[in-house]
Amino acid sequence: MMLRLLSQMCLLLWMLLCSVRLNTITCCHERDRSLLLMFKQGVVDPSNRLSSWSSVQDCCLWEGVECDDDRVVRLMLPSSHNSETLRGEINLSSLLSLDFLEQLHLDYNDFERISMPSINNSVATHTHLLPNSSKIWVLNLSYNIYLRIDNLHFLLSQLPSLTSVRLSGIRLPSETNWVQLLASLPLQKLFLNHCYLNSSVLSRICQF
Ligand SMILES: *[C@@H]1O[C@H](CO)[C@@H](O)[C@H](O)[C@H]1NC(C)=O
Ligand SMILES: *[C@@H]1O[C@H](CO)[C@@H](O)[C@H](O)[C@H]1NC(C)=O
Ligand SMILES: *[C@@H]1O[C@H](CO)[C@@H](O)[C@H](O)[C@H]1NC(C)=O
Ligand SMILES: *[C@@H]1O[C@H](CO)[C@@H](O)[C@H](O)[C@H]1NC(C)=O
Ligand SMILES: *[C@@H]1O[C@H](CO)[C@@H](O)[C@H](O)[C@H]1NC(C)=O
């Protein structure tokens with residue numbers, strides 16, 4: 001009797017702290033939660049689109065976050081006609097540390113910068129890959145028209161599973177070393193419309 005009461009109280013507490021999803025009780029993985037909060041720190045969010053990120057405990061219920069069990073697998077924060085844009089910085093170091101993240105959609109926002117894992121990372125400099133290489137296979141950063149990507153080669157080298165890359169409407173670096181790297185990816189889709197490339201060779205792969 002006592003035990004049953006106790007377990008019911010535990011359950012209640014758990015439900016208060018977390019949430020009930022699809023008849024199962026899950027709570028997002030603490031590591032993913034803190035990595036997302038780290039990402040949020042760099043985001044400027046004037047219209048408070050990410051308000052659920054501070055009011056709700058379970059990060060799997062946050063705006064734009066999708067989980068498989070308790071792990072974050074998709075981050076979908078494109079801006080649509082009626083939602084205001086997010087600005088500031090994309091902390092890619094923290095997003096790449098989400099062990100199970102597969103899709104990253106941040107299109108049509110006004111992000112300005114991407115901060116990347118330190119290029120000095122000992123393993124990175126030798127093998128061009130961080131210890132736990134990212135599972136991200138969809139990267140959609142299209143039409144963040146103010147975004148500067150300074151080291152696209154390094155960025156792509158951290159994402160060895162990419163099959164779909166959308167970098168339309170971004171000022172890509174004039175340095176072209178990243179183009180060869182594309183060939184080593186298992187790419188199926190590559191969108192580079194309106195990418196303001198200068199080089200005469202490259203501008204042919206940008207369609208206007
Ligand atoms: C990005 O996130 C990492 C941890 O995931 C953190 O160490 C770093 O300070 C963050 N960078 C910025 C610029 O906020
Ligand atoms: C990377 O390493 C070099 C020397 O090894 C150092 O001068 C530089 O400040 C380091 N950069 C970062 C971002 O840690
Ligand atoms: C690598 O990923 C595993 C789980 O996928 C995790 O437990 C481990 O801490 C990660 N290692 C590093 C260095 O991030
Ligand atoms: C990714 O970006 C493109 C623009 O290049 C957009 O039209 C598309 O809807 C986005 N894809 C997804 C799956 O959100
Ligand atoms: C394109 O070239 C012009 C002059 O050659 C330069 O001023 C401009 O910054 C370049 N744009 C990019 C995106 O590299």
Side-chain angles (χ1 to χ4, degrees), residues 27-79 84-142 144-162 165-167 170-173 175 178:
C27 202
C28 83
H29 199 283
E30 187 47 42
R31 174 177 156 85
D32 291 4
R33 186 171 184 276
S34 53
L35 287 168
L36 286 174
L37 286 175
M38 187 67 82
F39 161 75
K40 182 173 180 261
Q41 276 187 14
V43 178
V44 177
D45 178 20
S47 59
N48 217 7
R49 277 178 66 195
L50 304 185
S51 60
S52 58
W53 289 44
S54 21
S55 60
V56 178
Q57 171 76 15
D58 183 356
C59 76
C60 296
L61 296 176
W62 291 354
E63 168 75 18
V65 177
E66 293 177 23
C67 292
D68 188 359
D69 281 330
D70 62 340
R71 303 312 297 260
V72 173
V73 292
R74 278 183 292 274
L75 186 57
M76 315 278 283
L77 290 170
S79 155
E84 282 232 32
T85 58
L86 301 172
R87 302 180 203 152
E89 176 180 85
I90 299 171
N91 187 338
L92 204 67
S93 322
S94 63
L95 296 182
L96 289 186
S97 304
L98 290 165
D99 301 315
F100 295 87
L101 189 67
E102 294 179 356
Q103 298 193 33
L104 181 57
H105 295 270
L106 300 173
D107 38 308
Y108 293 100
N109 284 292
D110 290 320
F111 284 106
E112 290 132 31
R113 297 177 304 282
I114 295 189
S115 75
M116 296 202 231
S118 167
I119 210 161
N120 274 3
N121 181 300
S122 56
V123 181
T125 40
H126 290 114
T127 66
H128 300 289
L129 267 187
L130 294 171
N132 271 353
S133 67
S134 165
K135 293 190 174 61
I136 295 178
W137 58 275
V138 180
L139 177 69
N140 196 345
L141 300 177
S142 294
N144 279 269
I145 59 171
Y146 306 112
L147 187 64
R148 285 184 55 93
I149 306 182
D150 290 326
N151 196 340
L152 189 53
H153 182 275
F154 185 67
L155 190 159
L156 292 174
S157 72
Q158 301 310 305
L159 303 170
S161 309
L162 281 178
V165 176
R166 294 167 181 266
L167 299 173
I170 299 178
R171 253 167 234 285
L172 294 176
E175 217 189 332
W178 54 274

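Since this is a predicted model, take the numbers as computed values, not measurements. All heavy atoms count here, side chains included; hydrogens, waters and symmetry mates do not. Counting convention: from 1, in listed order, for ligands and their atoms alike.
At least one donor-acceptor pair under 3.5 Å links the side chain of Asn109 to the backbone N or O of Leu77. For Ser52 (side chain) and Glu63 (main-chain N/O), a donor-acceptor pair under 3.5 Å exists by modelled atom type. For the pair Asp58 (side chain) and Cys28 (backbone), a donor-acceptor distance under 3.5 Å is present. No donor-acceptor distance shorter than 3.5 angstrom exists from the side chain of Arg71 to the backbone of His29, with no hydrogens or angles considered. Using a distance-only test at 3.5 Å, with no hydrogens or angles considered, no donor-acceptor pair links the side chain of Asp68 to the main chain of Val73.
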One pair per line, please: each N/O atom of ligand 1 matched with every protein N/O atom under 3.5 Å away, atom names first, then the distance to 0.1 Å.
from: ligand 1; atom 1: 2 (O); to: Asn91; atom 2: OD1; distance (Å): 3.3
from: ligand 1; atom 1: 2 (O); to: Asn91; atom 2: ND2; distance (Å): 2.4
from: ligand 1; atom 1: 11 (N); to: Asn91; atom 2: ND2; distance (Å): 2.9

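Disulfide check for Cys27/Cys60 fails, with the SG atoms at least 2.5 Å apart.
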